[in-house]
Each structure stands twice: as structure tokens, then as C-alpha cells.
Amino acid sequence: MHRLGGGLPANILERIRMRRDHAEPVTGSIEQPGVLVASYNVHKCVGTDGRFDPERTGRVIREIDADVIALQEADKRFGDRNGLLDLARLEREAGLTAVPVSGQAKAHGWHGNVVLFRRGSVRDVHQIKLPGLEPRGAVIAEIELEAGGAIRIVAAHFGLLRHSRTRQVRAILDIMNDREETPTLLMGDLNEWRLNGRSALTIFETAFGELPPAVPSFPSRLPLLALDRLISNRKEILSPIIAHDTPLARLASDHLPIKAWVSLAPAGDRLKAA
């Protein structure tokens, strides 16, 4: 069978193209009150031109200008798992600070997952191993943002196998279904291209209802698949999700970043309400 686009059969790609009305790419600016969150698989800083260029990746991150951004594939996968970005420069030029994680000293994150945030403080952070055949993990960070309030970020990169993704969704669901007051947002490359009942992500709907519309982000030069997702346990706080589609973003990685605005109650407002 003839295959295109990273191994997908041509007939499957054709069905995906015919279903674009269910997953229209949305681009541009949607500035709203609240904080801007984003997810970006940086593809180990290797662009669609085959060049390893961390400086270019950093320019895309600065271009997005998010208050919180979850990165995937920000570390080397093997060996010392060295971090690939200039975090000091991102902090200096974009005001973004990395959520601290424990583990290998030269890595930026956990299994390549890095969370950056602007002006705030980390209340709590956990690292979990996700089930599956591949080594996968998630960073869970509770952040108090000066720009908007408290939020729990679950930054994850799911596996390539559907069976593994199903187990990983169930592991994350236990965290997102927590009854605490803190709004929770799952951000990452969830590697699920299906939009029907066979999608592993439909398990989330049992707890949160219908998921946000899927926004194609992969491959970056002609987005067909909605591999990158933002999912909240409170749908009312999340604006429409869009792809950050710029010439630089199309070149810097095989994934486009996705982003949305989140409305959070500042800490002072929550105390008054209490």
C-alpha cells in the first residue's frame, strides 16, 4: 500500500483531508483577557530543512509570547539527555523560567517535557512515568501566575502505540479529575491522529464532556493531523485553540505550536470569594 506523510497509508490521508471540516486549522491572533498558554513539540530543534538550530527554536518560542508553554522533545532522547535550548537566554529575553525538575543533571526536563512560565512561582511539581512500551513521562506543575492566578499544568508526550496511549490517558485522567479548586490543563503532543470513537482521547470525554475541536498542527508545512492538544478539566476557561502558523514556525519544527487563552481568577479574587 502506498504510504505518505510519515508512514500513513494514502487512503487514510485522503479520508483525513475529506474530514478537514471537523478539524479546521485556525491561525492568527485571538488575544483575550487571561493568560496565554501554548504547547510546542520542538523536534529536538531540528527543522523541516534538516538543520539543528536551537537559536531558531528559541525565536519561535519568543514569537509565541506565551505566559506558560509546554515543550516536548527539548532534550536528547539518549545518553545524558542533554538539554538543547538556551534556557538562560529565554529567561533573559522572553522572561520565561523553566519549572525545575529532578533527574539527569544535563537535561532541561523530564522525558523531554519542559514547562516554561513568565512571572510567577511554582507551588508544587511532580514527575511521573507514563505506562507503555516506550519511555514516556509527564511533568505536573502547579504555578501561581502574576498575570492571572493559579493553574495546574500537565505537560506530556504520549506514545506512538494506541494501546500505550489508552493507558497513558487513564493515568492522566486520575490527575485531571482531581476535585481540588485549581484549574488543570493537559498540554502536549498526544500523538493521536484519530478523530472518531477509536481515538484514545475519547476516554477524557467521560469526565470532561466533549473535547475542544482538534486543530491540525502536523506536519508543519501542510498541517493535516491534530497531534498536539490542549485539554482542560474546565472547558469554560479555555478560548478557541489556534495554531501558531508563521513562516518561522513552519521551518523550525515538523509540528506547529498551538495556543489558547485561559481565564483564571487571581489569588486575591479567590480569597475574597472564600
Side-chain angles (χ1 to χ4, degrees), residues 2-10 12-17 19-20 23-27 38-64 66 69-78 81-86 90 108-109 111-116 134-137 155-162 164-165 168 186-195 199-201 214-230 241-260:
H2 180 54
R3 291 178 177 265
L4 299 170
L8 287 174
I12 292 179
L13 280 177
E14 182 59 29
R15 290 201 299 271
I16 292 170
R17 291 188 181 100
R19 297 181 62 190
R20 289 291 288 273
E24 282 295 326
V26 185
T27 61
S39 179
Y40 185 25
N41 184 328
V42 301
H43 193 51
K44 300 180 182 66
C45 300
V46 176
T48 54
D49 57 358
R51 284 177 47 212
F52 172 70
D53 193 340
E55 193 279 333
R56 179 172 60 188
T57 304
R59 284 162 54 202
V60 175
I61 294 171
R62 294 193 295 273
E63 187 180 78
I64 298 167
I69 182 168
L71 306 177
Q72 302 87 51
E73 298 190 20
D75 299 331
K76 290 184 178 179
R77 188 170 185 180
F78 302 106
R81 298 191 178 182
N82 294 20
L84 300 172
L85 294 167
D86 189 340
L90 282 172
H108 289 334
H111 288 279
N113 295 293
V114 175
V115 179
L116 304 172
E134 307 163 86
R136 300 282 178 168
H157 190 183
F158 284 2
L160 297 174
L161 302 177
R162 183 178 181 275
S164 294
R165 288 195 299 274
Q168 290 157 4
L186 169 62
M187 305 198 295
D189 175 3
L190 305 189
N191 263 321
E192 181 59 85
W193 58 270
R194 297 174 180 85
L195 300 177
S199 167
L201 305 185
V215 176
S217 57
F218 179 88
S220 56
R221 288 185 169 177
L222 180 62
L224 293 171
L225 306 178
L227 302 185
D228 305 280
R229 303 296 288 265
L230 300 175
I241 299 164
I242 65 172
H244 181 80
D245 188 356
T246 66
L248 187 61
R250 291 186 213 116
L251 186 61
S253 171
D254 58 350
H255 289 248
L256 290 177
I258 60 171
K259 57 189 180 181

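What you see is a predicted model; the values in this text were computed from it and never measured.
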- [ ] Would you please name every residue forming a ring-ring contact (aromatic ring centres under 6.0 Å, His included) with H111, sequence neighbours left out?
- [x] none
- [ ] Please tell me if the side chains of L230 and I258 come closer than 4.5 Å, counting only heavy atoms from C-beta onward.
- [x] yes
Open item on the list: Tell me the closest heavy-atom pair linking F158 and L190, and the distance in Å.
Closed with: CB-O, 3.4 Å
Task: For R165, salt bridge (Lys or Arg N to Asp or Glu O under 4.0 Å) partners two or more places apart - done: E192
TODO: Could you tell me which non-hydrogen atom of A260 sits nearest to which non-hydrogen atom of I241, and how far apart they are?
DONE: CB-CG1, 4.0 Å
- [ ] Kindly indicate whether the side chain of V60, heavy atoms from C-beta on, has any atom under 4.5 Å from the side chain of R62.
- [x] no
Task: Smallest separation among heavy atoms of A226 and A214, with atom names - done: CB-CB, 3.5 Å
- [ ] Heavy atoms only: give me the nearest P223-S217 pair and the separation to one decimal.
- [x] CB-N, 3.9 Å
Task: Straight-line distance of S220 OG to H43 NE2, nearest 0.5 Å - done: 9.0 Å
Task: For E63, all residues meeting salt bridge (Lys or Arg N to Asp or Glu O under 4.0 Å), sequence neighbours excluded - done: none
- [ ] For the pair D228 and H255, evaluate side-chain hydrogen bond (donor to acceptor under 3.5 Å, both in side chains) and give the outcome as yes or no after the intermediate values.
- [x] CA-CA 8 Å; D228 305 280; H255 289 248; 2.8 Å; yes
TODO: Can you measure from OG1 (T57) to CG (D86) and round to the nearest 0.5 angstrom?
DONE: 11.5 Å
- [ ] Report yes if the side chains of I61 and L71 come closer than 4.5 Å at any heavy-atom pair, otherwise no.
- [x] yes
- [ ] List in chain and number order the residues that pass salt bridge (Lys or Arg N to Asp or Glu O under 4.0 Å) with R51, two or more places apart in sequence or in another chain; answer none if no residue qualifies.
- [x] D49, D53
Task: Student check: side-chain heavy atoms of N82 and D75 closer than 4.5 Å - done: no
Open item on the list: Regarding S39 and Q72, do their side chains bring together a donor and an acceptor under 3.5 Å, going by distance alone?
Closed with: yes
Open item on the list: Using the side chain to side chain donor-acceptor pair (under 3.5 Å) criterion, which residues pair with D189? Sequence neighbours excluded.
Closed with: N41, H157
- [ ] Could you name each residue pair satisfying salt bridge (Lys or Arg N to Asp or Glu O under 4.0 Å) that touches residues 247-258, not counting sequence neighbours?
- [x] D245-R250
TODO: Kindly give the heavy-atom pair with the smallest separation between T48 and S253, and that separation in Å.
DONE: CG2-O, 3.4 Å
TODO: Starting at NE2 of H244, measure out to OH of Y40 and round the result to the nearest 0.5 Å.
DONE: 8.0 Å
Task: A243 to V215 - nearest heavy-atom pair and separation - done: N-CG1, 3.9 Å
Task: Side chains of F52 and L84 in contact at under 4.5 Å (non-hydrogen atoms) - done: yes
Task: Heavy-atom side-chain contact between L160 and E134 under 4.5 Å - done: yes
Open item on the list: Using side-chain heavy atoms (C-beta onward) and a distance below 4.5 Å, is R229 in contact with L186?
Closed with: no
Open item on the list: Just verifying a value: how many Å separate L225 CG and F218 CZ, rounded to the nearest 0.5 Å?
Closed with: 7.0 Å
